[in-house]
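Report on the structure given below.
Numbers restart at 1 for each chain; the letters A, B, ... are given by sequence-line order, proteins then strands.
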Number of protein chains: 2
Amino acid sequence: MQDSPIATDKKTEIEEAIVSGILSGRIKPGTRLGESQLATVFSVSRTRVREALMRLEARCIVQVSPRRGWYVIEPSAEEAMMVYGARRALESGMMRSLSALPPDGPAILEAHLDQERAAIASGDRQRLTYLMGDFHIRIAELSGNTVLVDILRDLTARTMLISLQYQSDFHARQSHEGHCAIAAALIAGDVAKAAALSIEHLDEVEAGLDLTVRPDPLADLRHSLSLPTSRSCSLQSAGTPFPTNQGD
Amino acid sequence: MQDSPIATDKKTEIEEAIVSGILSGRIKPGTRLGESQLATVFSVSRTRVREALMRLEARCIVQVSPRRGWYVIEPSAEEAMMVYGARRALESGMMRSLSALPPDGPAILEAHLDQERAAIASGDRQRLTYLMGDFHIRIAELSGNTVLVDILRDLTARTMLISLQYQSDFHARQSHEGHCAIAAALIAGDVAKAAALSIEHLDEVEAGLDLTVRPDPLADLRHSLSLPTSRSCSLQSAGTPFPTNQGD
DNA sequence: TAGGGCTGTCTTGCATACAAGAAATGAACG
DNA sequence: CGTTCATTTCTTGTATGCAAGACAGCCCTA
């Protein structure tokens with residue numbers, strides 16, 4: 001039951017399924033999201049699929065090319081830098097506001113870090129990817145501010161797309177250590193240090209990207225040729241085109 | 001030209017018109033937004049209206065009550081505090097990242113402050129309301145980070161709804177002075193001071209609200225009775241139900 | 001008069017049909 | 001063989017129709 005994640009109400013089912021796919025790295029930037037295909041997969045009419053896609057478009061997660069199709073956003077280098085910039089501003093500011101951690105805060109952080117360690121040990125990369133992004137959301141949750149959580153959730157989804165597009169290799173251990181340092185500072189109550197570490201951490205992750213070279217300079221051309229992106233997207237023709245139940 | 005603002009593409013026309021109405025205070029929290037009415041006003045079918053409303057729902061600006069109707073969000077006191085909290089985190093973090101202002105930054109800030117002064121002098125409250133929120137967006141624009149701008153734009157719209165619902169009286173002069181101080185610190189290059197002033201400024205504005213008393217404790221009840229909110233919303237029966245062209 | 005149920009009306013929810021456009025295909029032609 | 005143009009197919013864009021539900025008003029009853 002933990003596969004079809006949360007399984008919220010009918011209304012946001014499709015939206016959440018797509019976001020979940022992105023968050024766990026199953027759906028890549030540039031993936032085509034055909035209305036009819038999704039309608040078939042979810043056994044609904046195009047109307048509801050469109051509504052979900054519209055909402056995702058408002059969240060800057062998908063994009064429609066008029067009369068051509070819906071595609072998961074392929075963030076440009078500029079957009080990538082801006083997303084990281086926004087996260088630096090938001091998260092550092094958030095840290096500074098976290099002077100009083102809730103009583104169970106340390107335990108929550110420790111539990112999450114344990115999960116990260118377990119994922120590293122087991123080599124479950126999809127889960128690790130998800131956890132790495134989720135750490136920051138965990139912290140936002142500690143603030144008790146759901147507005148902050150929602151904003152950060154969207155930024156995390158976009159970050160995931162950026163990583164998939166520009167990250168040459170994933171320094172899981174380095175990221176994990178960054179998380180540990182931030183958590184330690186927070187638990188120690190040193191919010192200024194936590195803020196500084198957050199900026200540093202995001203800088204590191206951003207530095208791990210290769211933004212100077214476009215990962216797929218022929219992306220536009222490929223689109224005109226209707227080739228998915230660089231590799232197959234598996235949404236196009238596979239028997240189970242939308243593996244929402246994959247992963248943990 | 002500043003009335004029907006931007007008048008972007010056909011696709012976001014309805015959405016932007018509603019947001020613009022909120023930003024200038026013409027549309028109040030709790031206002032009912034009937035699909036058919038909007039469809040008539042914009043001379044389109046309900047389909048496109050629904051799409052616009054869905055996008056606005058994703059931005060936490062409107063809300064649908066199943067089979068009853070769409071309403072502009074009436075932020076709860078909790079949500080109000082969280083929005084201000086998010087803005088404090090975001091804006092203070094943003095200030096600290098603004099070490100290098102663009103060359104025309106000071107001029108832009110001064111020009112905006114002049115507009116605020118002019119609006120105060122002329123007593124054009126609608127325009128003043130709009131400008132007060134827009135100041136913060138101006139600063140985000142100085143960062144050159146459109147991601148930040150978009151996030152702050154949505155938060156500003158929500159802030160506007162909060163103000164309309166909870167602000168007993170509008171201390172325009174005090175807010176203006178806060179803006180002046182922030183601008184001065186930014187121009188002087190003292191980002192830490194600008195960050196501190198931002199938090200202070202938002203605290204002041206939040207303190208100006210009356211969050212302890214629900215402005216309309218019977219809101220839910222009224223809804224069940226299908227009375228708009230507390231007063232008439234003018235969208236229901238007026239001849240020109242949706243005055244998008246009103247205001248400056 | 002107060003309460004309960006029925007019915008009419010108005011709303012959104014959702015599916016479907018068709019229009020409009022883009023891109024791929026293939027044929028004709030130089 | 002390469003190019004151009006018509007056609008065919010596939011996609012989204014938009015409107016419309018009908019179903020489902022909520023609410024208001026009314027009548028009926030006790």
### Message
Can you give me the closest heavy-atom contact between B:Ile27 and B:Leu161, atom names plus distance?
### Response
O-CD2, 4.3 Å
### Query
Strictly by modelled atom types, are B:Thr159 and B:Arg87 linked by a side-chain donor-acceptor pair under 3.5 Å?
yes
### Summary
Heavy-atom contacts, protein to nucleotides 8-15 of chain D, under 4.0 Å, summarised as B (base), S (sugar-phosphate only) or - (none) per nt, yield ---BBBBB
### Query
Could you give all pairs that pass the ring pair (Phe, Tyr, Trp, His ring centres under 6.0 Å) test and reach residues 138-158 of chain B, with sequence neighbours left out?
none
### Message
Parallel, tilted or perpendicular, judged at 30° and 60°: which one describes the rings of B:Phe135 and B:His112?
### Response
tilted
### Summary
Taken in chain and number order and not counting sequence neighbours, the residues that satisfy side chain to side chain contact (heavy atoms under 4.5 Å, CB included) with A:Arg153 are A:Ile137, A:Val149, A:Asp150
